[in-house]
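Bear in mind the structure is a predicted one, so any value in this text is a computation, not a measurement. Here is the naming used below: chain letters follow the sequence lines, and residue numbers restart at 1 for every chain.
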Amino acid sequence: MPQDIYDKIMMLAKRRGFIYPSFEIYGGVAGFYDYGPLGSRLKLNIENLWRKFYILQDNCIEINTPTITLYEVLKASGHVNEFTDLTIDCKKCKQSYKVEDILENISVAEAIKKNKIKCPNCSTELKDAYPVNLMFSTKIGIGNARDAFLRPETAQGIFIDFHLLYRYAREKLPFGVIQVGRGYRNEVSPRQGIIRLREFSMAEAEVFIDPGEKTHPDFKKVKDKKLNLYDNINQINLSVEKAVKTKVINNQALAYYMYLTQEFLFSAGVDPKKFRFRKHADNERAHYATECWDAELFSERFGWIECVGIADRSAYDLQSHIDSSGKDMYALRKYDKPKTVEVKKIIPKMSELGPLFMGKAGKIKTILEDIELKDTKKITVNLDGQTVEIPKNCYEIVETKEKKFGEKFVPHVIEPSYGIDRILYCIIEHSFYEGEKKGEDYKILKFNPIIAPIKVGVLPLTSDERLVNIANEIDRSLRNAGIETYYDDGGSIGRRYARMDEVGTPFCITIDHDSISDKTVTIRDRDTTKQIRKKIEEVTSFIKEKISS
RNA sequence: GCGGGUAUGAUCUAGUGGUUAUGAUAGUGGCUUCCCAAGCCACUUGCCCGGGUUCAAAUCCCGGUAUCCGCACCA
């Protein structure tokens, strides 16, 4: 079978210490991969470049929350319900189906009662339906253990800290919070190697904005930049501003983060020709999203791969957590001048309420006090799912004047969510070049220096002790300057260049006999193989400049 | 999950029911050479796991696992 680019990359990745299949000596497990020495380094560099965009450029704050997440959190977020498919199997051919796919329009309960549904494949009767949840579940503690899941996204950890983060951000919107970490999804059958993992790395930003002004302070700076958009039919190239004006993209904030994403991916080494934004159709959006764009990267093996999702989650998550935890997670929109407003307030009469509602009277009192009064004809209260009318003699309505400094609201959230492993794979694929030297295959990973796991190869031309000493000194001074080096004195010089090219090292410093007399070395560029001579004392600053641009 | 193909050192690969299981690449040590995978010598690493058939299984059969292709799944 002819090897395609994926096979070649996975071969190289395993051989050179980028990516290994996990648990291999015990047979391996689908959906899990280890990052080897170079892979870990590459991943770290990509994540740190991402942080540069979000922390330094966009002024986001970073937090870290547990990967084990309490049941209540994911119940509130909708993941427990929405992540669950009711599944049913055929007795004979063992085919599994989502119940909703077989039923159409009939309620699940009704269908189970009748139980006459046959397998669409072999017409045999089906077994009982059972729920399948794509989250890994676990327990916290022993005995009176609490239910928990391994988080399917890092976002919820940010949402449930919102009230604290809002305070940290000095109660001003917009502000963004990022988290880089692992997420877990118990995929039914992961294929496509590193593209679909059960444990994966993601980098997410949750940007909290005022729903009244869905924009970004830096929008003006990017408004004329071009975005490469795809609406499921046509490829269109629009400026950020025009995309918003023509309502192709819903709002300025969303468009801003799309541009930021594009800029990040390009500087990480994504080929602009293999990049596009695709808008989610109505039926493929997640349960929390009102609008979602995917940044897709093209792979010769897998086609267009979703690598970043940029969603407008509206107020969905914060509102859900407010509703189920009761915590005040609102933001305040301050008025320019305090407003004096007439307020009608309900004053509960406990002497009447108490005897009438007994134990529930206290709860009714707090609800009544919070009601925003518009219609005074009939006061009803939602009590444990039941609507209860409160008799008129149980309360008094008082009109007062109050000074209001602002109004409370639930912020909206723009969420750019990056699949690090997929991006990493695509960057390797986009950086992979193959040629021939003297009849042998010659592979080069043309990594952008900023993400290359090794920045500089340090190579003494011969094993002459004087050259080795100089090489060691240069190696030391580069490392002291924070630059990853690889010292190699084994084999011919050509072989050593080839080794460095194959792992994407952008520069090689070669110490030759002239280095002894005139204190210079050659610096070789990976992509051109051209060499220039530099004074040894200038090497570190020269390299430093080259790898940061 | 279903159906089909595949599984031999770190990587690629030859091979047969029966001696010590090929070859190449890579790697290590040594000699030699030194600016783009040169050469020589020596060395290291392997038949996916479990069960069965057989005097004998890496080879045949069954099950599992992984992987590839198609279907389904991918909030």
Pair [X] + [Y]: ring centers closer than 6.0 Å:
X        : Y        : value
A:Phe277 : A:Phe275 : yes
A:Phe302 : A:Tyr6   : yes
A:Phe136 : A:Phe149 : no
A:His287 : A:Tyr316 : yes

Side chain of [X] - closest among [options]:
X        : options             : result
A:Arg196 : B:U11, B:C74, B:G1  : B:C74
A:Tyr442 : B:U11, B:A37, B:A75 : B:A37
A:Arg301 : B:C73, B:C68, B:C35 : B:C68
A:Ala498 : B:A37, B:U67, B:C34 : B:A37
A:Met11  : B:A37, B:C35, B:U11 : B:U11

Expressed in angstrom and rounded to an integer, what is the separation of [X] atom [atom1] from [N] atom [atom2]?
X        : N     : atom1 : atom2 : value
A:Gln192 : B:G70 : CD    : C1'   : 13 Å
A:Lys443 : B:A26 : NZ    : P     : 11 Å
A:Asn186 : B:A75 : CG    : P     : 15 Å
A:Glu24  : B:U67 : CD    : C1'   : 11 Å
A:Arg285 : B:A75 : CZ    : P     : 13 Å
A:Ile444 : B:A37 : CD1   : P     : 12 Å

In whole angstrom, give me the gap between the [atom1] atoms of [N] and [M].
N     : M     : atom1 : value
B:C49 : B:U8  : P     : 11 Å
B:C40 : B:A24 : P     : 11 Å
B:G17 : B:G3  : P     : 30 Å
B:C69 : B:G29 : C1'   : 45 Å
B:C55 : B:G46 : C1'   : 27 Å
B:A7  : B:U59 : C1'   : 13 Å
B:U6  : B:C48 : P     : 14 Å
B:A38 : B:U33 : C1'   : 8 Å

Within 45 degrees of the ring normal and closer than 6.0 Å to the centroid, is that where the cationic atom of [X] sits relative to [Y]?
X        : Y        : value
A:Arg278 : A:Trp293 : no
A:Lys446 : A:Tyr433 : yes
A:Arg185 : A:Phe200 : no

Q. Quick one: on RNA chain B, does A:Phe32 or A:Ile493 contact a more 5' nucleotide (nearest heavy atom)?
A.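 Its nucleotide being nearer the 5' end, the pick is A:Ile493.
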Q) Taking for each residue the nucleotide of RNA chain B bearing the nearest heavy atom, is the 5' side occupied by A:Asp525 or by A:Ile25? A)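 On the 5' side of the pair lies A:Asp525.
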[N] base / [X] side chain donor-acceptor hit below 3.5 Å:
X        : N     : value
A:Gln531 : B:C35 : yes
A:Tyr497 : B:C35 : yes
A:Arg524 : B:C36 : yes

Q: Determine whether the side chains of A:Asp464 and A:Thr462 contain a donor N or O and an acceptor N or O closer than 3.5 Å.
A: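 No, because no side-chain N or O of A:Asp464 sits under 3.5 Å from a partner of the opposite role on A:Thr462.
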Q. Is any side-chain N or O of A:Ser189 closer than 4.0 Å to OP1 or OP2 of B:C73?
A.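 Checking B:C73 against A:Ser189, no side-chain N or O comes under 4.0 Å of OP1 or OP2.
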Q) So, is A:Lys14 near the phosphate of B:A10, with a side-chain N or O under 4.0 Å from OP1 or OP2? A)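 For B:A10, neither OP1 nor OP2 has a side-chain N or O of A:Lys14 closer than 4.0 Å.
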Q.
Can you tell me if A:Tyr35 has over 12 outside heavy atoms packed within less than 6.0 Å of its OH?
A.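 Counting other residues, nucleotides and ligands, OH of A:Tyr35 exceeds 12 neighbours.
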Q. So what's the dot-bracket for RNA chain B: Watson-Crick or G-U pairs under 3.5 Å, [ ] if a pair crosses, | if it pairs off-strand?
A. (((((((..(((.....[....))).(((((.......)))))....(((((..]....))))))))))))....
**Q.** Minimum heavy-atom distance A:Lys279-A:Val248, with the two atoms named
**A.**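 Distance-wise, the nearest heavy atoms are NZ-O, 3.0 Å.
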Q) Going by an N to O cut-off under 4.0 Å, is there a salt bridge joining A:Arg479 and A:Asp475? A)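 So A:Arg479 pairs with A:Asp475 through a salt bridge.
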Q: Report the residue from A:Arg526, A:Arg496, A:Arg524, A:Lys443 that forms a side-chain hydrogen bond (donor to acceptor under 3.5 Å, both in side chains) with A:Asp501.
A: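 The side-chain hydrogen bond (donor to acceptor under 3.5 Å, both in side chains) with A:Asp501 is passed solely by A:Arg524 among A:Arg526, A:Arg496, A:Arg524, A:Lys443.
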Output one line per pair: protein atom, nucleotide atom from nucleotides 27-29 of chain B, and distance, for all N/O pairs under 3.5 Å.
| residue | atom | partner | partner atom | Å |
| --- | --- | --- | --- | --- |
| B:G27 | OP1 | A:Arg499 | NH1 | 2.2 |
| B:G27 | OP2 | A:Arg495 | NH1 | 3.3 |

Q. Could you give the distance from CZ (A:Phe32) to CD (A:Glu24), rounded to the nearest 0.5 Å?
A.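 Taking CZ in A:Phe32 and CD in A:Glu24, the distance rounds to 15.5 Å.
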Where do N or O atoms of nucleotides 3-8 of chain B meet protein N or O atoms at under 3.5 Å, pair by pair?
none

